[in-house]
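These figures come from a predicted structure and were not determined experimentally. Side-chain atoms are counted along with the backbone in the values below, which use heavy atoms only and exclude waters and symmetry mates.
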Amino acid sequence: MEYISRNEKRVEIDDPSGKWSELTLLPEWEEKYYDVYTVRKHGKWVMLKTLKKEYKDDPKYLAMLEQEFDTRYNLAHANIVMVNDFEEIPGIGKAIITDDVYGWSLRRLIDEKRLTPKIVHRLQTQLLDAMEYIQENHIVHDPITPDTIVFTEYSDNLKLINVGYDQVGSLSSQDTADDIKSYGKVMNEVLDKLPTSLPRLRRIARRCEEGYPGYRTISDVQLAVERRNSGQIFIFICTFIVLMACLLIWLVTRG
């Protein structure tokens, strides 16, 4: 996935209503069954995710596309690309319509050695926040990779794409373990390309990728990144309760 260009791979769209214009194919964003486009809807840039030509009339794949829309439509997180609608597009067919994403993938930033401290910080905060949100909502998704992480052009804010295709009653321990492993792989690849070493973050990344038993959820990873752990929090809470109890006893005895 590369920086989005508005001037290449332009596709003619026959829409007498004038609702859709400047349809542009993004081949670097394509998936196994899907093509992705940018397009103007009533003059505003949005993105389309639709079935490739060979699948678009197959009920099985149409149902798969619709299920992904249903799964993602109610997700609302600042670091996840938002789904807006599901429409029939002239000459394209049924498509999921999402917010526009204008920027660079983490893959490109790694390959071009353009990583910055701000990007590393976003991976420690915004990426983990988005992944925790996905787990809390029991979303089944493909592995998160540098290709599915986008940084916006002007603010370097992180956006996740392809965040889920099904919602279940609860995620399995394997699902959560796979998420943690994906995070470790992403961070290790980033750390390999940095001009400086970050030993504490490297240790966390390796533990994630290797399946460290102390990391059972993304929340556990967040605690590690923030230099806390659940045991320390428990001790803090217990200490706070004891101190409040002592204060209450002191106030009662004084009265």
Side-chain angles (χ1 to χ4, degrees), residues 68 71-72 74-81 105-107 109-110 115-151 157-243:
E68 179 170 341
T71 298
R72 295 179 59 186
N74 290 316
L75 299 182
H77 191 281
N79 304 116
I80 292 175
V81 175
S105 71
L106 179 59
R107 166 62 56 215
L109 294 172
I110 291 172
L115 298 168
T116 65
K118 181 186 284 189
I119 287 171
V120 175
H121 179 68
R122 298 281 197 253
L123 293 170
Q124 294 179 77
T125 54
Q126 294 181 347
L127 177 56
L128 285 172
D129 285 345
M131 294 179 73
E132 181 185 36
Y133 178 81
I134 291 169
Q135 285 194 352
E136 287 175 344
N137 285 274
H138 308 147
I139 304 299
V140 182
H141 58 91
D142 293 322
I144 290 170
T145 69
D147 301 279
T148 61
I149 300 169
V150 178
F151 288 91
N157 279 328
L158 182 149
K159 296 284 185 179
L160 272 183
I161 63 172
N162 301 334
V163 296
Y165 54 82
D166 196 10
Q167 189 168 26
V168 295
S170 63
L171 294 177
S172 68
S173 57
Q174 187 60 53
D175 289 328
T176 56
D178 288 344
D179 273 349
I180 292 168
K181 186 174 183 179
S182 293
Y183 182 75
K185 285 183 175 180
V186 168
M187 291 307 300
N188 274 320
E189 186 170 356
V190 168
L191 292 168
D192 286 344
K193 299 297 182 180
L194 292 180
T196 185
S197 63
L198 299 172
R200 188 180 64 84
L201 190 56
R202 174 71 82 178
R203 183 169 61 253
I204 292 170
R206 284 175 175 164
R207 286 178 168 182
C208 286
E209 189 167 358
E210 293 168 2
Y212 177 62
Y215 299 162
R216 291 177 294 180
T217 67
I218 289 296
S219 295
D220 292 332
V221 180
Q222 287 177 306
L223 291 171
V225 169
E226 293 167 6
R227 295 186 179 180
R228 295 180 295 162
N229 61 57
S230 55
Q232 289 173 327
I233 293 174
F234 178 75
I235 292 170
F236 173 79
I237 292 172
C238 290
T239 303
F240 179 79
I241 291 173
V242 170
L243 289 173

Inset, instruction - Let me know which of Leu128, Leu127, Leu223 forms a side-chain contact (heavy atoms from CB on, under 4.5 Å) with Ile218. - result: Leu128
Legend entry - Leu160 side, atom CG; Ile149 side, atom CD1 - distance, nearest 0.5 Å: 6.0 Å
Inset, instruction - Taking atom types as modelled, find out whether Asn162 and Glu68 have a side-chain donor-acceptor pair closer than 3.5 angstrom. - result: no
Legend entry - side chain to side chain donor-acceptor pair (under 3.5 Å) partner of Asp129, chosen from His77, Gln222, Arg122: Gln222
Legend entry - Asn157 to Gln126 - nearest heavy-atom pair and separation: OD1-NE2, 3.2 Å
Legend entry - Donor-acceptor pair, side chain of Thr145 and main chain of Asp147, under 3.5 angstrom: yes
Inset, instruction - To the nearest 0.5 Å, tell me how far Glu209 CD sits from Asn188 CG. - result: 5.0 Å
Legend entry - Tyr215 vs Ile204 side-chain heavy atoms within contact, under 4.5 Å: yes
Inset, instruction - Please round to the nearest 0.5 Å and tell me the distance separating atom OG1 of Thr217 and atom CE of Met131. - result: 11.0 Å
Inset, instruction - Evaluate whether atom NE2 of His138 has more than 12 neighbouring non-hydrogen atoms of other residues, nucleotides or ligands under 6.0 angstrom away. - result: yes
Inset, instruction - Looking only at non-hydrogen atoms, find the nearest pair between Cys208 and Gly184 and report the distance. - result: CB-CA, 3.6 Å
Legend entry - Val150 side chain near Leu158 side chain, heavy-atom distance below 4.5 Å: no
Inset, instruction - May I ask you to decide if Leu123's main-chain N or O and Tyr183's side chain share a donor-acceptor pair within less than 3.5 Å? - result: yes
Legend entry - Between Asp175 and Ser172: side-chain donor-acceptor atoms closer than 3.5 Å: yes
Legend entry - Least distance between heavy atoms, Gly164 atom then Thr71 atom: C-CG2, 4.3 Å
Inset, instruction - Would you mind reporting whether Val186 and Pro146 have side-chain heavy atoms less than 4.5 Å apart? - result: yes
Inset, instruction - Could you check if a side-chain atom of Thr176 sits within less than 4.5 angstrom of a side-chain atom of Arg216, using non-hydrogen atoms only? - result: no
Inset, instruction - Answer whether the closest heavy-atom distance between the side chains of Arg200 and Arg203 falls below 4.5 Å. - result: yes
Legend entry - From CG (Leu201) to CE (Met187), nearest 0.5 Å: 4.0 Å
Inset, instruction - Report yes if the side chains of Val221 and Tyr212 come closer than 4.5 Å at any heavy-atom pair, otherwise no. - result: no
Legend entry - Spacing of CG belonging to Leu194 relative to CD1 belonging to Ile110, to within rounding of 0.5 Å: 9.0 Å
Legend entry - Carboxylate-amine/guanidinium contact Asp192 Arg202, below 4.0 Å: yes
Inset, instruction - Any chance you could lay out the side chain to side chain donor-acceptor pair (under 3.5 Å) test for Glu132 and Ser219, step after step, and finish with the verdict? - result: CA-CA 7 Å; Glu132 181 185 36; Ser219 295; 2.7 Å; yes
Inset, instruction - Examine distances only and state if a side-chain atom of Lys185 and a backbone atom of Ala205 form a donor-acceptor pair shorter than 3.5 Å. - result: no
Inset, instruction - Supply the atom-to-atom distance Ile144 CD1 to Ile161 CD1, rounded to the nearest 0.5 angstrom. - result: 11.0 Å
Inset, instruction - Report the C-alpha distance between His141 and Val163 in whole Å, list the side-chain angles of each, state the deciding distance to 0.1 Å, and finish with yes or no for side chain to side chain contact (heavy atoms under 4.5 Å, CB included). - result: CA-CA 6 Å; His141 58 91; Val163 296; 5.6 Å; no
